[in-house]
Amino acid sequence: MRMMTCRLCGSDDLTGVVDLGATPPCERILTADQLDEPEVTYPLHLRVCTSCWLAQIPPLITPEETFTDYAYFSSYSASWVEHARAFVAGLDLRPDSFVVEVASNDGYLLRHVVERGVRCLGVEPSVNVGQAARERGVPTVTAFLTPESAQAVVAEHGKADYVVANNVYAHIPDVIGFTEGLRTLVADDGLVSVEVQHLLTLMQLNQYDTIYHEHFQYYTVASAQRALATGGLTLVDVELLTTHGGSIRLWAAPSGAPSQRVSDVLAMEKAAGLHEISGYIDFTERVAKVRRDLLGFLITAAEEGSTVVGYGAPGKGNTLLNHCGVRPDLLPYTVDRNPYKHGKFTPGARIPIFEPERIAADKPDYVLVLPWNLRDELIDQLSYIRDWGGRLVFPIPTLEVV
């Protein structure tokens, strides 16, 4: 039997938090030609290390399998682009500053740096989204961040005043090597900003659908502080954000001392039991209730002759659909703004993905919102369904019909 050890501290004292069965990788969108082919599934079992409290899943797929050609383009979310714009506006940038973003996607953030006339560079492993960034005028190199690739960037471009790593710190199985890469990129008097989903809100708000194979680990501030230290970075400040259902923005530097906000959030986590096993023991039952409630709603709607379709085809949606066993008989299709996904099918559940205009054409009774983290944005975008009495359904944290 294979023994899993913690990828941060090496301990084999890992305890199960929730077992979601086996699912295909959530970003492996299927074409019509692939529907008669088998799909490989992998266990999806979240465990927490009781030595350093890093929550994690085994590295059963590699980042190269997911991110070489990627289906996610950040700029399709208007609220996320605005979040990035506000972040850049708050940076203390000088004319001679240099900003590097790791996992820069399609230039959603660095385009705002370019607009300010400040030198910047994106480091993006996905060829297709990196090309979209370059077409926007954002300088971008195609690479995964490692200590070696970081050295190559520094040799050509110099050290950065700011290094940004949004929604990538969970996506890398080599936490220590990646963190060493961040330290290599940043100047001795510079800052590193890391945004990642907060395990505290994941647990408190039943956000289990954000557990999927390309997310290798799930951070508290306590475990993130330990992870950053492995690469020679000190956590100096933290901000609590509403993005992705609840995230943390970690500010790290080569030297310094933690702020009072770091102490305050650590105290919040401790009060929630996340620095001991007690905070994890009832999560499985809460996840089971989300599943029962969603299935109950979909089955009742079908029996009553009501139509339910989906909105969005995000990674989190695929975890939810596969764990709940939802198939086209209960959800005949979903729609997505990303044309890359149109005419394709969700992994596992094999639900067709269409363009958003399909909703207005079909006038369904209910629209199940899979990217629930964009709630405010989508309530506004989908307000037109009220014209025929349509209603929105949010499955998490608890089932809600709006």
Side-chain angles (χ1 to χ4, degrees), residues 23-24 26-32 34-36 39 71 76-79 206-210 245 287-402:
T23 69
C26 69
E27 294 294 345
R28 292 189 185 170
I29 305 293
L30 301 174
T31 64
Q34 294 173 311
L35 292 181
D36 289 329
E39 283 184 88
Y76 284 114
S77 169
S79 62
N206 305 326
Q207 297 168 348
Y208 80 92
D209 57 342
T210 59
V287 166
K289 186 176 189 313
V290 171
R291 180 177 183 270
R292 291 194 299 268
D293 289 349
L294 178 57
L295 279 176
F297 167 80
L298 292 173
I299 291 169
T300 298
E303 291 175 343
E304 292 176 347
S306 299
T307 52
V308 185
V309 304
Y311 186 93
K316 61 169 57 73
N318 293 325
T319 291
L320 182 74
L321 296 174
N322 283 298
H323 175 250
C324 295
V326 176
R327 297 296 182 264
D329 63 320
L330 296 178
L331 194 72
Y333 66 84
T334 189
V335 304
D336 199 276
R337 292 180 66 190
N338 186 350
Y340 183 91
K341 301 180 181 181
H342 296 166
K344 298 180 181 178
F345 300 79
T346 66
R350 302 185 169 207
I351 291 171
I353 307 169
F354 298 127
E355 64 284 346
E357 292 74 19
R358 181 70 177 258
I359 290 178
D362 290 350
K363 297 181 172 55
D365 298 299
Y366 299 97
V367 176
L368 175 65
V369 179
L370 297 175
W372 48 260
N373 54 298
L374 302 176
R375 179 188 178 100
D376 293 342
E377 175 182 343
L378 295 183
I379 285 178
D380 182 58
Q381 273 186 27
L382 296 169
S383 61
Y384 63 86
I385 72 172
R386 288 181 295 198
D387 294 346
W388 62 81
R391 304 177 74 184
L392 299 179
V393 181
F394 292 90
I396 286 175
T398 56
L399 189 80
E400 181 182 4
V401 180
V402 178

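In this text, all values refer to a predicted model and were calculated from it rather than measured experimentally.
Here the side chain of E303 pairs no donor or acceptor atom with the backbone of T300 at under 3.5 angstrom. No donor-acceptor pair under 3.5 Å is formed between the side chain of D209 and the backbone N or O of L320. Side-chain N or O atoms of D362 include none that pairs as donor or acceptor with a backbone N or O of E357 at under 3.5 Å. A distance-only check finds a donor-acceptor pair linking the side chain of T210 to the backbone of Q207 [under 3.5 Å]. In this structure a side-chain-to-backbone donor-acceptor pair under 3.5 Å is missing from R386 to R391.
Across every non-hydrogen atom of I29 and F345, the tightest pair is CG2-O, 3.4 Å. Contact detail for L30 and T346: the closest heavy-atom pair is CD1-O, 4.1 Å.
One distance of note links NE2 of H323 with CZ of R291; it measures 5.5 Å at 0.5 Å rounding. To the nearest 0.5 Å, atoms CZ (R358) and NZ (K363) are separated by 12.5 Å. Expressed to the nearest 0.5 Å, how far CG of L294 lies from CD1 of I396 amounts to 8.5 Å.
Between the side chains of D365 and W388, not a single donor N or O lies within less than 3.5 Å of an accepting N or O. Side-chain atoms of K316 and N373 form a donor-acceptor pair, as typed in the model, at a separation below 3.5 Å. Y311 and D336 form no side-chain donor-acceptor contact under 3.5 Å, judged by distance and modelled atom types alone.
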Exercise for the section: Determine, stepwise, if the pair T319 / T23 fulfils side-chain contact (heavy atoms from CB on, under 4.5 Å). Expected result: CA-CA 7 Å; T319 291; T23 69; 5.6 Å; no

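By the 6.0 Å and 45° rule, K344 stacks over the aromatic ring of Y340.
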